[in-house]
Every structure is written in C-alpha cells, then in structure tokens.
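For ligands, and for the atoms within them, numbers begin at 1 and follow the listed sequence. Along the sequence shown, the residues carry numbers beginning at 1.
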Amino acid sequence: MEKFRQEIAKKIAPLLNMSREEARALMEVPPNPAWGDIAIPCFSLAKTLRKAPQAIAADLAKAADLDGLAGSVEAMGGYLNITLEKAAVARHIISGILQGGASFGFTDQGGGKTVVIDFSSPNIAKPFGIGHLRTTVIGHSLSRIYSELGYRAVRVNHLGDWGTQFGKLIVAYKLFAKDDKLIDDPLGTLFKIYVEFHRRAENSPALLEEAREWFRRLEEGDDEARSLWQRFVEVSLKEYQRVYDLLGVEFDYWLGESYYEPLLASTVAAIEAQGLTTISDGAVVVDLADHGMPPCLLRKTDGATLYATRDIAAALYRDKKHRPELMLYVVGQEQTLHFRQVKQVLNLMRSPAGEKMVHVPFGLFKFPEGKMSTRRGNVIFLEDVLTRAVDLAAGVIEAKNPELENQQEIAQHVGVGAVVFADLKHGRIKDVLFDWEEMLNFDGETGPYVQYTHARACSVLRKAALNPALSDEAALTDEYALPLVKLLGEFPQVCARSAAEYEPSVVARYVLDVSSLFNRYYHHVRILGGEAGVTETRLALVLATQRILARGLYLLGLTAVDKM
Ligand code: ARG
C-alpha cells in the first residue's frame, strides 16, 4: 500500500509546490472507508496558497492525473479523497507477496546497520521464572523484526553471573548442601539454599559478613570460590537451555556480567580520570544530582563493583566491538532508574554508547497468585508453565481433531505459541494477567487462533485442484476480498512501526486482524469450485494470506503449523 501512497505523493507534490515527502506526510486515512483509501486535508495549505481549503481540494481533484493509480478522486469538505483503483491494488499487492518469497516485509531500511539486543539475561542459580518470559519473548521477537527490516541483529544474553549474591550462595552451599544434591534438581537446590540463607541471615548478621568475604575472594580469583561459582554457572546454563529450546530462542553471544570483570578497574579509572567521581562514605560514586537522580554507585566501600559498573563496561565494550546504530535493553520497568543512570554516566563520559542505549521496559507478567519474588520462594518456573500449556493444547487437539498425525509435535508448537502470544499481544508496558483458558481459546485473540487460521489456509490450498494464479484481479475487488488484500499490503509498514516502537504487539495485533478478515472471507466467499480463472485468483489470495500469517508468526517467535 505504501507504494501507492508514494506514487500519488509524487504526482500531487508539484501541484502543491512541495516535496514528495511533504505530500506523503499530509496523507491521512479517511475515518470512513467508503470515502476512500487516502485523504489529503487542505486546511494547512490555505495560508500559503491563499485559497480556501475547499477550493484547493476541488482544484486538486481536477488537476491531478492519477490514471492507473486511483479509481476516483473527489473533493469533500476541504479534503481530497482518493480511492485507489481496486484491480491495480489487488494485482500489485498479491503479486508482490507471491513473488517476494519469504521476506516481503523486507524493506532495506536497516541497510545492514547493527542493532545489539540485550534480552532474557536470567540470573544464575535462580530458577528461570515466568518473570523472565517477557524479556525473552519480546527480545527474541524484536531481533527477528529488525532482521526483517535489513538490520544485523546481535542477540546478547547478559547473564546475571556476578555480584554479592554469589558470596551468599557459596556460604549457603557450604552450610546446607552437599555436592550430590546438585545432580537431581540443581536449580531447585540452589534456590532452596539461597532462600534458607536469607531466613537464617535475619538473625545472624555474621552470615552476611561471611558472604561478603566470599564474594571478595571470588573477585580476587580464589580457586575454591571460582570453582564453586563455575559449577553454579554450569548447572544453571544447562537448565536454561531446555527453556530456550522449547521457545526456539537463540543468542549470538552469551556474555554474563562476569565477562566484564577484567574491564572494570580500567572503566572505573577512566571515569575517575575524567573527574566525574566523588567519594561518598568510602564508596566511589558519580553524583547525578544535577540530572535529578540519585548517585550511580561504581564501587562499594569494600571495593566490590556493582551491577551498574558492569553495565557501563558492557555498553562501552559493545559499542566498540559492534559499532551499532542502537543498543536495546529489554528489561522490566522496575530497572528504569538503573538504565537512566547508566546512560547518564556514559553521556557524561562523552561516549557515543550513551546516545545509542535504549531501555525497552515492560510490565509484569501476573499470575492469579500475585507477584512472584525469588526471596520469598513462591516462584513459578517457566518450564512448568510451558509444559502445562503443551499438555493442555494436546487435550484440545485430541478433542477437536483426533485423527491428526504428529499430535505431540503440533501440541508443542500450539502450547508454547499460546504462552508466547498471550505475552506479546499486549503493549509492553501493560501488566499481563495470565489466564490458561483464554490463552488456549481457538476462537479468541490467541496464538492458537492465528495458527488455526494459518492451518485453514493451508488446508484450502491442499484441497484445491488448481494452482494459485492472478488471472482475474476483478475477483479480488469485492467487499470481502479487498479489505484483506489491502491489509496484507500493509505488512512492511507494520514491521517498520513495530521496530520503531520496539513493540512486537504491533505485529501480534496485525496477524489477529489478518486472521479475522481471512476467516470472514472464508465464510462468505466460495473459494473452490467456481470458474477456473476466478478460483485460481481466489487461491492466490489464500496463498498470500498464508504466507503473511506464517511470516508474522515467525516474527513473533511462533511456529506456523500447516495442520492442527
Ligand atoms: N539479570 C538481570 C535481571 O534478571 C537483567 C539484566 C539485563 N541486562 C543488563 N544489561 N542489565 O534482572
């Protein structure tokens, strides 16, 4: 559709003495589709052209030569309303999708520029809880959407594998755990002893002192501390990998916070050398009072570095290594202050990394049971949630389609897809309330609904005796086909908007809309069995829809199954 808008802008621009971009920027979508596809309001032009808006619109309607683009051009109350030529729209959009292969969302907007996306980044020795679902699926989807637009997306897992909690964990491990416990249920064990440590520490501050001492030893490279830490990391990664496999999520780099450890001394020294630090109660801080924020702590009194210190070092490292255009951090909104502070310190250092850094925040994923906290111990494991969703999906599929082959494999795609979609269909910032039933409803606004619609399109194509072909575009100009055709034609703009807003929900809402228009078409129009030219053309629309749905689902991280 954008091609049409651009072409029309090119023709209209000279009549208004403006650039093509300016003419394009004027265009609106008429509130009533019956008035046309494009509206050009003439009110803002009245002053420079010294004419009434109604007269400008009327003159434009007469002067504009939009043959082959527009079916009708009308002036109406100060607007120029343009209705595109239906058959041209159908031909252009559907043939574009059918020829475009897999990536018709590809507009070379990115031009090979790099965007680094930091996402998922769970904390070692803690269960992969449902709390990390959002960052994982949002980041994964954004990496695919940016790639679709021609960017090079670098996916980084910034594992939380460093910090004072590892001192606590070592103490807890020595007190409460024996090695063999790490074999059966490693994360469960580490998690239990961590909770137990906090319970005991409430009455025994000496434990906290001991934990600090162990973290100090870890930072100094003490052998025993290092090897225990190494084990915690190994067993955790193994468990996380199972979740990533279920979700189909991959990374280009697994670089935990510990990776930046060797760079911290020089990073702090560089900030000090620029005169940006002060000493406060023995700690090294960057005062940010002028920027309306609390100070950014770089080094504690005992010399230990912090989360922020490591993020500053990591940002400088990424900027140097990848020369990115953008660095995204998909992290919950509770860390907003942290990222503002880190960005401000980088800006004060005059590092370009500050400008490039974008925090992409999101709200909570709420279970009916309430918010989860690792310290309190009532954590919901993501793996359990995904497994349960797959079981429920298997039940639904068995009931609906008992003859289906590969039920288990399909149930896996549908169950996981249901959870992922339930997350992504909401704007990031909103809290998501988890609801098992709603999530798996094949008729609701769900992943399974879109997957089912995709499978339906596949089934029509399988049953057809003819091949899809655009032999009679007039067959796509009726009230059921044309809105679907136009919506399919918006796919590249949808991808671009989704990336610009860091919002996979834009793509999620779009595939829901495509699904509902396709289902309406399917119910009202007899696709198979008509005259050959008409049937082939209708099949071309079905094929185009199937491709767009498959691509949209892929961008969200779901699998498009062809039967379910
Ligand atoms: N590990 C952190 C957490 O789970 C998230 C890390 C996000 N990335 C970053 N560069 N700070 O809260």
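For ligand 1, the protein residues placed under 4.0 Å by at least one non-hydrogen atom are Asp118, Ser121, Asn123, His132, His158, Tyr307, Asp311, Tyr329, Val331, Gln335, Phe339.
In this structure, Phe215 has its ring center no closer than 6.0 Å to that of Trp229. Between Phe176 and Phe197, the distance from one ring center to the other does not fall under 6.0 angstrom. Aromatic ring centres of Phe119 and Tyr329 lie farther apart than the 6.0 Å criterion allows.
Of all heavy-atom pairs between Val416 and Val390, the closest is CG2-CG2, 4.0 Å.
Ion pairing between a basic and an acidic side chain is recognised when a charged N comes within 4.0 Å of a carboxylate O; Arg551 and Glu148 show such pairing. The pair Arg216-Glu220 meets the salt-bridge criterion, with a side-chain N (NZ, NE, NH1 or NH2) lying under 4.0 Å from an Asp/Glu carboxylate O.
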